[in-house]
Amino acid sequence: MKTEEKLNLTMLCDFYELTMGNGYFRAGLQDRITYFDVFFRNVPDNGGFAVCAGLEQLVQYIQNLHFDEEDIAFLRDKHLFSEDFLSYLRDFRFTGDIWAVPEGTPIFPREPVVTVRAPAIQAQLIETFTLLTINHQSLIATKAARVVQEAGGGVMEFGLRRAQGPDAGIYGARAAVIAGCIGTSNVLAGQMFD
């Protein structure tokens, strides 16, 4: 299995996650334990269930979560963040807990798929990536499960040419195989995930 290059994705978040974190810090709430659940309201195709995927990338993201000096300098240049908050980010590590449905598991509307319990700033800063990875990969896995079910098995994933960027192609292929596809046309995804 080929390993992925370790890219620091910490800044792959909505800007308001950082401004909210700064506000929590200034209000002295950085250590207050908070919870949030990821769930969906309904299955768009009335298929009854969806399929969970994306958890492995979420865990990898959280394990590598850190702000380097380039990130701190970028945020300092915005003139919105206190120096104390920027110092806090310099030593930032996620210390919370995450409970999740295993990948490949059928999931249902209005039921938690992922639950995060963490100090307020930590929970805030992982919100965007949590939604990004779980929503995208679960969407692909759900569609793939429907196609495999209708075809009676033996379906190959061939979505790379239509994917919206390299990551969508790679992780879309992974999600489709989790949901029952027997392989992928995506050579890099095959190499990365065997």
Side-chain angles (χ1 to χ4, degrees), residues 4-42 44 50-103 105 107-142 164-168 170-171 174-175:
E4 297 175 68
E5 183 180 323
K6 294 252 184 199
L7 176 64
N8 181 6
L9 297 176
T10 301
M11 297 287 276
L12 183 60
C13 66
D14 293 317
F15 191 69
Y16 87 91
E17 307 290 12
L18 292 159
T19 58
M20 291 289 292
N22 187 64
Y24 296 151
F25 190 86
R26 292 180 69 191
L29 300 175
Q30 65 269 19
D31 296 323
R32 178 176 281 179
I33 298 299
T34 59
Y35 289 79
F36 76 82
D37 292 323
V38 175
F39 65 95
F40 60 100
R41 288 179 178 81
N42 55 45
V51 177
C52 183
L55 185 60
E56 183 176 330
Q57 284 65 48
L58 175 59
V59 170
Q60 290 170 352
Y61 168 78
I62 289 170
Q63 288 174 335
N64 191 43
L65 197 63
H66 68 280
F67 292 85
D68 57 33
E69 289 305 317
E70 184 179 340
D71 300 332
I72 302 294
F74 174 82
L75 295 173
R76 182 177 286 116
D77 287 346
K78 299 298 173 198
H79 305 289
L80 293 171
F81 301 100
S82 71
E83 281 301 316
D84 288 343
F85 179 65
L86 295 174
S87 292
Y88 168 86
L89 293 181
R90 184 173 284 110
D91 298 323
F92 183 86
R93 295 293 180 268
F94 185 85
T95 63
D97 297 305
I98 297 177
W99 294 272
V101 173
E103 291 186 300
T105 301
I107 53 179
F108 300 92
R110 295 173 295 284
E111 294 183 357
V113 176
V114 175
T115 298
V116 174
R117 177 197 178 274
I121 295 173
Q122 295 178 31
Q124 187 75 58
L125 291 180
I126 69 164
E127 179 188 38
T128 302
F129 194 89
T130 301
L131 293 170
L132 162 76
T133 192
I134 299 297
N135 286 342
H136 175 256
Q137 289 191 47
S138 295
L139 172 73
I140 301 299
T142 301
Q164 296 179 358
D167 283 348
I170 291 167
Y171 296 112
R174 179 185 178 280

Q: Considering non-hydrogen atoms only, spot the tightest contact between P119 and D31 and give its length.
A: CB-CA, 4.1 Å
(Q) Before you tell me yes or no, could you show the steps for T133 and Q57 under side chain to side chain donor-acceptor pair (under 3.5 Å), namely the whole-Å CA-CA distance, both residues' side-chain angles and the distance that decides it to 0.1 Å? (A) CA-CA 7 Å; T133 192; Q57 284 65 48; 4.7 Å; no
Q: Using atom types as modelled and distance alone, determine if a side-chain donor or acceptor of D77 lies under 3.5 Å from a backbone N or O of F74.
A: no
Q: Verify side chain to side chain contact (heavy atoms under 4.5 Å, CB included) between F129 and E17, making sure each step is shown before the conclusion.
A: CA-CA 11 Å; F129 194 89; E17 307 290 12; over 6 Å; no
Q) Side chains of Q122 and R93: closer than 4.5 Å at any heavy-atom pair? A) no
Q. Which pair of non-hydrogen atoms, one from F85 and one from N22, has the smallest distance, and what is that distance?
A. CB-OD1, 3.1 Å
Q. Would a distance-only check, ignoring hydrogens and angles, find a side-chain to backbone donor-acceptor pair under 3.5 Å from N135 to L131?
A. yes
Q. CZ/F81 to CG/L86 distance, rounded to the nearest 0.5 angstrom?
A. 7.5 Å
**Q.** Heavy atoms from other residues, nucleotides or ligands near CZ of R41 exceed 12 (cutoff 6.0 Å)
**A.** no
Q.
Ignoring hydrogens, what is the shortest heavy-atom contact between A53 and A141? Give both atom names and the distance.
A. CB-CB, 4.0 Å
Q: Kindly indicate whether the side chain of F40, heavy atoms from C-beta on, has any atom under 4.5 Å from the side chain of I107.
A: yes
Q.
Does either side chain, that of Y171 or that of E56, offer a donor lying less than 3.5 Å from an acceptor on the other one?
A. no
Q. Is a side-chain donor or acceptor of T105 paired with a backbone partner of C52 at a separation under 3.5 angstrom?
A. no
Q: Flag the pair R174 / E103 as yes when at least one side-chain heavy-atom distance between them is below 4.5 Å, and no otherwise.
A: yes
Q. Only one of I62, T115, T130 forms a side-chain contact (heavy atoms from CB on, under 4.5 Å) with I98, so which one is it?
A. I62
**Q.** Heavy-atom closest contact (V38 atom, F36 atom, distance)
**A.** CG2-CE1, 3.9 Å
Q: For S82 and D84, test the side chains for any donor-to-acceptor distance below 3.5 angstrom and give the result as yes or no.
A: no
Q | Q124 (side chain) donor-acceptor with G21 (main chain) under 3.5 angstrom | A | no
Q | Derivation and outcome, side chain to side chain contact (heavy atoms under 4.5 Å, CB included), residues F67 and M11 | A | CA-CA 8 Å; F67 292 85; M11 297 287 276; 3.9 Å; yes
Q) Within a strict 4.5 Å, meaning less than it, do heavy atoms of the L18 and L75 side chains meet? A) yes
Q | Atom CZ of R32: over 12 foreign heavy atoms under 6.0 Å | A | no
Q) What's the spacing between L65 CG and L9 CG if we round to 0.5 Å? A) 9.5 Å
**Q.** Nearest atoms (heavy-atom pairs only) where V51 meets T142
**A.** N-OG1, 2.8 Å
Q.
Please check this pair: side chain of D14 against backbone of Y16, looking for a donor-acceptor N/O pair closer than 3.5 Å.
A. no
Q: List the steps and the verdict of side chain to side chain contact (heavy atoms under 4.5 Å, CB included) for I72 and L89.
A: CA-CA 8 Å; I72 302 294; L89 293 181; 3.8 Å; yes
Q: Apply the test side chain to side chain contact (heavy atoms under 4.5 Å, CB included) to residues L80 and F15: give CA-CA distance (whole Å), side-chain angles for both, the deciding distance (0.1 Å), then the verdict.
A: CA-CA 11 Å; L80 293 171; F15 191 69; 3.7 Å; yes
Q: Measure the spacing between CZ of R76 and CG of D71 and express it to the nearest 0.5 Å.
A: 11.5 Å
Q | Which atom of G54 lies closest to which atom of I134, heavy atoms considered | A | C-CD1, 3.7 Å
Q | Between Q30 and Y88, a side-chain donor and acceptor under 3.5 Å | A | no
**Q.** Reported CZ-to-CG distance for the pair F92 and L125, which is rounded to 0.5 angstrom
**A.** 5.0 Å
Q: Supply the atom-to-atom distance H66 NE2 to N8 CG, rounded to the nearest 0.5 angstrom.
A: 3.5 Å
Q. Out of curiosity, I33 CD1 to D97 CG, how far, rounded to the nearest 0.5 Å?
A. 8.5 Å
